[in-house]
Amino acid sequence: MPYNFELIEAKWQRYWDDHGTFVTMEDPGKPKAFILDMFPYPSGAGLHVGHPEGYTATDILSRFKRMKGFNVLHPIGWDAFGLPAERYAMQTNIHPRITTIQNINTFRRQIKMLGLSYDWTREIDTTDPNYYKWTQWIFLQVYNSWFDLRVQKARPIAELEEELGRHGTKNLFGIEHLAPEQWKSLSKKEQHDFLADFRLAYIAEVPVNWCEALGTVLANEEVGEWTEKGYTVERRPLRQWMMRITAYAERFLEDGKTLDWPASTLDQQTNWIGRSEGAEITFSLSGRSETIIVFTTRPDTVFGATYMVLAPEHPLVSLITTPDKKKLVDEYAEKTKKKSDLERGTESVKTGVFTGGYAVNPATKKTIPIWIADYVLMGYGTGAIMAVPGHDERDYEFAKSFNIPIVEVVQGGDVKKAAYVGDGVGMNSSNDEVSLNGLKTAEATNVIVNWLEEKHIGTRTVRYKLRDWLFSRQRYWGEPIPIIHLDDGTMRALSEDELPLILPELKRFQPSGTTESPLALAEDWINVVDAETGLNGRRETNTMPQWAGSCWYYLRYLDPKNDREFCSPEKERFWMPIDLYVGGSEHTVLHLLYARFWHKVLYDLGYLSTVEPFERLRHQGVILGEDGSKMSKSRGNVVNPDDVVKKYGADAMRLFEMFLGPLEEMKPWNTRGVEGVYRFLNRVWRLYADEEGRLDPAVKESPLTLELERVYHATVKKVGEDIESLRFNTAISQMMIFVNELTKAEVRPRQILEPFVLVLSPFAPHLAEELWQILGHTHSLAHEPFPKHDESKIQQSTIEIVLQVNGKVRSKLHVARDTSEKDLEGLSLSDESVRKHVGDKKIMKTIVVKNKLVNLVVR
RNA sequence: GCCAAAGUGGCGGAAUUGGUAGACGCGCUGGACUCAAAAUCCAGUGGAGCUUAAACUCCGUGAGGGUUCGAGUCCCUCCUUUGGUACCA
């Protein structure tokens, strides 16, 4: 009869709840482990089998660490703001809070059903005003900060005001000079606008992805999802909140080097940040005083720049366009505007229009034409390029179609056939003052940049692909941005005691019909008289993106009930950084980068003690359907955790997900496999329990064979090591080997069976608790010390040695451990099979590896 | 196109620093128990050759080359799959 998992699992889940077994302990005398799952968005569909994979992994580690004497912080919560709930509200007019609560309840029930050892007293919900009060508070910290380039860190904006009052802009980079008196003489509005340009959160007009039907902007990463569902998304310039994440580009790269993250994840972030070194070069215009600045990573090819290209949106376009070209240029610019970035990217043929304007190549002093073309993007670099068709594929293609001269300035390829983009030796590159001829690319770059800097027509520059973070959404179901727009044109940030700014109640959730969020319809809420200034004001109607709540939730777990601070500094110092963070790789760039950003701002402002939040990161792999394709309703291959648990129990579900394969790999579900681990659990049960579920009398202290002792210690060792390195599949194999050995043994030595329950318990905690009780214990095993292994018991006294001739196994031999190399050689030479293969050939060389093999090389 | 990861039996997957390829599980085959089935237990299971059998031999980790006494593991070239990215100057 199979063991009654239904009864056992319900019993122990109740026990853990009643006894607060997994409430976090903060014992200063013990080491700590902060083990975190990416918290889920509680969708209406409930948990799918992908969720428990990561959750089980961290649960096993958490249970193990508790047994190893650690203070373990292992919390869970809900990333509950988001578009799906709001979409549902638009259709049904049911308040998103109601559906959110229902979904959370489903998720909580399903998670509890799996026996995960979360500390439920620390559960958080991003939509709870007690939580989002602090999301808003952190927004204000960001808003009230500026990035001081001199020290490469965020500082309170008040310190900038003070500095302006004392020294003006004297010590600030790249800003027109402003004396302290001038600063003081500015009006309130002027000062406000001046400071606004420095803040880490600011408003700017940017082209966004606007979805008319949804009535909101979408993040780039959300566009695909909604266009697939048949919605249309267009580019539209809108005034939006931005966050100056680009200020941290260099620190992201630098600090990332020390993190224990998957290499591919760091790599992707690095690519996303897209650092490139080069130079900015100023080109003067023929017959005009204005100049065009370009960014290039190949200043050494400047002698080969035979034309220039501006992005069609470039502000100088209208200035340089000659009257006869105006019509064509305008038409082209108009056409470009209508294209999405995607279309601009996928079109293979290069198009463009000549503006009629000319610039002067500062190296050759030759006059070169200025074109506009959509292959140059306004959003990167300066929105203008010097085109070097000989050594850039795009410029080459463009020059070919428009018959623009191609000049070879770097040797190494054949520019008659194709652009040569590699390094090489300079040629055709000299003027009266400087020559790059004969110089290798790296040196040529150095020489030309020095020359440009000397002549004040260029500077060494580092550029990043990373853009500032578009932070506002025209949604109802998100955190309100705690800002009031006053009638005098200034903004006032709410003060801490005005938080939380609670979402107003709405009767309807339809889009506002304008580009504002549905909050624009809540007139009582929007219109305010500012107590401080007496001015009329209007609240910000945009809300924060879903990423906001997940940017800092890990910090709230440390001190979830604190109503004076987002978390106490003592707790922060005790628990941070996160020792293990597990979640899907789809969050590689966005969530993980945004969270690092907020973390660094808070660190700069002195609220945090660690530079980085996530010390060690791992991604669980996707679980595919049984047919090897992605699980989806339409394919009908979705596995529901409820069904699996009902049929085989939570322990079997947990064990199977871990046995399936390496945590990080993508792998298909297999129902037969669940049955396999279920059989294993039943074999374990029968090892201990009789038909009535009592301790089998055969389980008693009895003499151990060397082999049983060995397999026991080997199991303790391997399971412990494998848990630490998250290799759960091989840990389970080892436990199966142990159980197979004992099933065969027909003695049930209690002295190894009892501790084995502890070894098994992180994986199958319900069954283990029940067995522990059957063995006579009255308390949960959750805090029992994990068994220790004895290395000397694992070593076998006799070892199998492989005898090879020319690298091929010809015989095997059992010898005493540590038999000398000389003896091994002798044994090998006298082995019958070896002698047969050696025959009368000559032994050229003998390789002996102690405790492993002997290899005779013969000829 | 570029960047990254991965290709091992019928299937999921194991294999410290290069040292017995295929652990463990699934499936399959045979057997025990049973009137029978399910469940359970036992044995076998990479392919090929040879043999009454035991034994033995050869081949085998995506393909081809290389380094080495010895390569799933290291190096080079190529192919395939997956993830990311895409005119980033």
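In what follows, every chain begins at residue 1, and chains take the letters A, B, ... in the order their sequences are listed. What you are looking at is a predicted structure, and each value in this text was computed from that prediction instead of being measured.
For His713(A) (side chain) and His789(A) (main-chain N/O), no donor-acceptor pair under 3.5 Å exists by modelled atom type.
A close approach under 4.0 Å does occur between a side-chain nitrogen or oxygen of His837(A) and OP1 or OP2 of U57(B). At least one side-chain nitrogen or oxygen of Lys845(A) sits closer than 4.0 Å to the OP1 or OP2 atom of C69(B). Applying the 4.0 Å criterion to OP1 and OP2 of C56(B), one finds that Lys808(A) has every side-chain N and O outside that range. The side chain of Thr382(A) places no N or O atom within less than 4.0 Å of a non-bridging phosphate oxygen (OP1 or OP2) of A89(B).
Spacing between G13(B) and G19(B) at atom C1', rounded to whole Å, works out to 23 Å. Using P as the reference atom, G65(B) and C28(B) are 39 Å apart when rounded to the nearest Å. Nucleotides C59(B) and A39(B) are separated by 42 Å at their P atoms, to the nearest Å. Annotation: C76(B) and U17(B) have their C1' atoms spaced 23 Å apart (nearest Å). Taking atom P on both C69(B) and G64(B), the two are 23 Å apart, rounded to the nearest angstrom. Between U8(B) and C2(B), the distance separating the two C1' atoms is 29 Å to the nearest Å. Spacing between A89(B) and A5(B) at atom P, rounded to whole Å, works out to 22 Å. For the P atom pair drawn from G7(B) and C75(B), the interatomic distance equals 14 Å after rounding to whole Å.
Aromatic ring pairs are classed by plane angle as parallel below 30°, tilted from 30° to 60° and perpendicular above 60°; the pair Phe402(A) and Trp371(A) is tilted. Under the 30°/60° scheme for interplanar angles, the aromatic rings of Tyr307(A) and Phe398(A) are found to lie parallel. Relative ring orientation between Trp469(A) and Tyr594(A) is described as parallel, the plane-to-plane angle staying below 30° on a 0-90° scale split at 30° and 60°. In this pair, Phe252(A) and Tyr248(A) present their aromatic rings tilted. The plane angle is within the 30 to 60° band.
Judged as a side chain to side chain contact (heavy atoms under 4.5 Å, CB included), and not counting sequence neighbours, the contacts of Asn446(A) are Asn450(A), Arg460(A). Partners of Met242(A) according to the side chain to side chain contact (heavy atoms under 4.5 Å, CB included) rule, which considers only residues two or more places apart in sequence or in another chain, are Tyr202(A), Ala204(A), Val206(A), Asp468(A), Leu470(A).
As rounded to whole Å, 18 Å separates atom P of U20(B) from atom CG of Asp831(A). Atom-to-atom, CD1 of Ile801(A) to P of G70(B) comes out at 20 Å; the value is rounded to the nearest Å. His391(A) places its NE2 atom 23 Å from the P atom of C87(B), with the value rounded to the nearest Å. G12(B) atom P lies 11 Å from atom CG of Leu660(A), rounded to whole Å. Rounded to a whole Å, the CG atom of Leu266(A) is 14 Å from the C1' atom of C3(B). Spacing between atom CG of Leu377(A) and atom P of A86(B) amounts to 11 Å, rounded to whole angstrom units. Leu813(A) has its CG atom 21 Å from the P atom of G19(B), to the nearest Å. Between Leu655(A) atom CG and G13(B) atom C1' the separation is 15 Å, expressed in whole Å.
In the set G84(B), G12(B), C69(B), the nucleotide with an atom closest to the side chain of Val857(A) is C69(B). Looking at the side chain of Phe295(A), the nearest of the listed nucleotides G12(B), U40(B), A89(B) is A89(B). Which of G19(B), G83(B), C87(B) sits closest to the side chain of Tyr375(A) comes down to C87(B). Comparing U20(B), G84(B), A89(B) against the side chain of Lys812(A) picks out U20(B) as the nearest. When the nucleotides A89(B), C69(B), U57(B) are ranked by their closest atom to the side chain of Asn855(A), C69(B) comes out on top. Taking the side chain of Glu800(A) as heavy atoms from C-beta on, and the options G84(B), G19(B), U20(B), the nearest nucleotide is U20(B). When distances are taken from the side chain of Lys744(A) to each of C41(B), C42(B), A89(B), the shortest belongs to C42(B).
Ring pair Phe756(A)/Phe738(A): centre-to-centre distance below 6.0 Å. Ring centers of Phe728(A) and Phe659(A): at least 6.0 Å apart, outside the cut-off.
Counting non-hydrogen atoms under 4.0 angstrom, Pro262(A) reaches nothing in the nucleic acid. Using a 4.0 Å heavy-atom distance criterion, Val802(A) is classed as a base contact. Nucleic acid contact for Arg810(A): sugar-phosphate only, since backbone atoms but no base atoms lie under 4.0 Å from a heavy atom of the residue. Contact annotation for Thr270(A): no contact, since no heavy-atom pair falls under 4.0 Å across all strands. Heavy atoms of Ile385(A) sit under 4.0 angstrom from at least one base atom.
By the 6.0 Å and 45° rule, Arg679(A) does not stack over the aromatic ring of Trp685(A).
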Close N or O pairs between protein and nucleotides 32-34 of chain B (under 3.5 Å):
none

Check the interface with nucleotides 79-82 of chain B: list each N/O to N/O pair with the protein under 3.5 Å, or write none.
none

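Base pairing in RNA chain B yields stems of at least 3 consecutive Watson-Crick or G-U pairs, both distances under 3.5 Å, namely B:1-7 with B:79-85, B:10-12 with B:24-26, B:27-32 with B:40-45, B:46-49 with B:56-59, B:62-66 with B:74-78.
Here the OH-OG distance, from Tyr464(A) to Ser276(A), works out to 9.0 Å after rounding to the nearest 0.5 Å. Of the inter-residue distances, the one linking Ile623(A) atom CD1 with Lys667(A) atom NZ reads 6.0 Å to the nearest 0.5 angstrom.
Contact annotation: the side chain of Thr459(A) never approaches that of Leu452(A) to less than 4.5 Å [non-hydrogen atoms, C-beta and beyond].
For G9(B), the base adopts the syn conformation, since its glycosidic angle falls within 90 degrees of zero.
Under 4.0 Å is where a charged nitrogen must lie from a carboxylate oxygen, and between Glu675(A) and Arg672(A) at least one such pair does.
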Checklist entry - Could you run down nucleotides 21-30 of chain B 5' to 3' and tag each one B, S or - for protein heavy-atom contact under 4.0 Å? => result --BBSSS---

Item to check | Criterion side chain to side chain donor-acceptor pair (under 3.5 Å) on Ser811(A) and Asp831(A), from CA distance to verdict | outcome: CA-CA 8 Å; Ser811(A) 185; Asp831(A) 182 90; 3.1 Å; yes

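Checked against Met386(A) for a side chain to side chain contact (heavy atoms under 4.5 Å, CB included), the options Asp395(A), Val294(A), Ile292(A) give a single hit: Val294(A). No option in Val409(A), Ile448(A), Thr441(A) other than Val409(A) meets the side chain to side chain contact (heavy atoms under 4.5 Å, CB included) test with Thr301(A).
Summary of the strand contacts: Glu393(A) and Gly661(A) both lie near RNA chain B, and taking for each the nucleotide with the nearest heavy atom, the more 5' one is attributed to Glu393(A).
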